[in-house]
Amino acid sequence: MNQADLIIKNAHILTVSAQGEIANGCIIVKDKKIIDVFEGPLRNYESKKVIDAKGKLVLPGFVDCHTHLVHAGSRANELQYRLQGMSYQEIQQKGGGIYSSVKATRAADPEKLYQQSLERVKLCLKHGTTTAEIKTGYGLNPATEKKMLDVIHRLNIESDLETIATFLGPHVYPDDQEPEAYIDWLLNEGLELAKKDAEFVDIYCDVGAYTFEDTEKFLNAAKSKRIPLKIHSGQFEALGATGLAADLGAVSADHLDKVSEAEFDALLRAGTVPVFLPGCSYYLKTAYPDARPYLDANMPVALATDYNPGTCPSLSIPMMMSLAVMHMGFTPEEALKAVTRNAAKAINRDDCIGSLEKGKQADILICKIGKLDDLIAMFGGNFVGTVIKKGLLI
Ligand SMILES: [Zn+2]
C-alpha cells in the first residue's frame, strides 16, 4: 500500500484534462500535488484522511484570472446613480468611479488595506476560487501602487488564496497631475517596479481611459523589458488595442465586448487568451458579447469576475459561469474550462493548476451537487462544500 496525504473516493470527477469525466473514481494527493486520478473503487493507496465524495461533484479549484480585489472603501452608493441611468463615464466625471477608490486606497494605511482585502479573499475561497490574479491601479502614484503590490504579496503568503500580481499603473490618468508626467513615471520607474514586484503589466485602453497612442508606448516599453503583457480593451469601443496587444504577444486580452474582425484574427494568430467578464455586462446593464465565434475557433477562452468596487462587485465564479452559459453562448463544460484550465493559461499557470491530473497542484473543490448543469441552473447559490488548496482542507 502506498501512503497518501489525502484521498477523495467515490467521486464524480470533472478533470478538465484529457482524462475527461470520471463517473466514479478517486483522487490521490501527496506533498501538495495530485499523484493519481483513476476510475473505480479505491485501490493501492491508503491515508489517514479519506473523503467519501459519494453523490458530490469534484472540480478543479477555480482560477479568477482578472480581479481588482485590493482596494479600500466601497462604491455601493453608485448603485443609485446607475439606477438613475447614469453611465460609467458620467459617474466617473462626477468624481465617483475609479477616482473615489483611488482616494480611499491612497488614504488607507497598509494594514487597513490588507484587512479589507482579506475579507474579500475569504469570499473568494468560499465560492471556490483557489487562485486569483489581482491588479494594482487604485494608486496612480508611486507610493500607493507599491503599497498595493505589497498587500497582494502579503495575501499570497498569509491567506489561503494564491495570488498573482499584475501592475496596472495605467488604469486611468491621474486627476492630480499632468498625464505626461505620470506616463513618464510609468515608462521608467513604474515598469522597473512592475519587473521587480509583479508578474504582468496591464493597461486600460478605452474611452475614458488610456488612448491608443499611450497604450502602444506602454506595451512596447514593457515588452522591451520582457514583462508579460495583459490588456483591458474593447469594453466600450474597439480602439485597436486588442489587436495591438495580440500582435505584441500579450498573454491575455480582457473584456472584448467590442472587437473588430482584424483584432479577432490577431488574437487567433497570437494564441492570446480572450478573457470575458460577464459580471460587468450584468451590472452595467450592457449587451453581453457573443463568445461563440471564439469558442468555435478553438481559442482558449477564459472567464473571470473582474471583481472591482464599481462595475462588478461580485467575487462569485459560479455566477459568472451561469451568465456565460445563459447569455454568451457557452456550454456548461466550456464555462468550466474557462474558469479553470483556460483561466490558468491566462496567468501562465496552466502547467501547475487548472485541471485534476497527475503532477498538478492539489487545488480541488467538492461541490454539493450531482452534476455541472446544477451549478449553472441554480444561479446565485453557492454549492462549493469543501475547498482544498495545495492538498490542505480550508
Ligand atoms: Zn478589470
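Keep in mind that this is a model prediction, so the values were computed, not measured. Indexing begins at 1, ligand by ligand and atom by atom, following the structure's order. Atoms considered below: every heavy atom in the structure, side chains included; atoms not considered: hydrogens, waters and symmetry mates.
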Checklist entry - Run the salt bridge (Lys or Arg N to Asp or Glu O under 4.0 Å) check on Glu334 and Lys337 step by step: do they pass? => result CA-CA 5 Å; Glu334 286 165 343; Lys337 193 175 176 189; over 6 Å; no
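Taking the Zn ion (ligand 1) as reference, His232 places its N/O/S atom NE2 nearest.
Salt bridge annotation for Asp202-Lys135: present, with a cationic side-chain nitrogen under 4.0 angstrom from a carboxylate oxygen.
Rounding to 10 degrees gives 110° for the angle at the Zn ion (ligand 1) between NE2 of His68 and NE2 of His66.
Remark: side-chain polar atoms of Thr129 are not paired, donor with acceptor, to backbone N or O of Leu125 under 3.5 angstrom.
Metal site remark for the Zn ion (ligand 1): His255 contributes no N, O or S atom at a distance under 2.8 Å. At a cut-off of 2.8 Å, Asp306 is counted among the residues with an N, O or S atom near the Zn ion (ligand 1). Here Cys280 fails the criterion, with no N, O or S atom under 2.8 Å of the Zn ion (ligand 1).
Screening Glu133, Gln361, Glu199 for a side chain to side chain donor-acceptor pair (under 3.5 Å) with Arg349, the sole residue that qualifies is Glu199.
Taking the six-membered ring for Trp and thresholds of 30 and 60 degrees, His232 and His66 have ring planes more than 60 degrees apart, a perpendicular arrangement.
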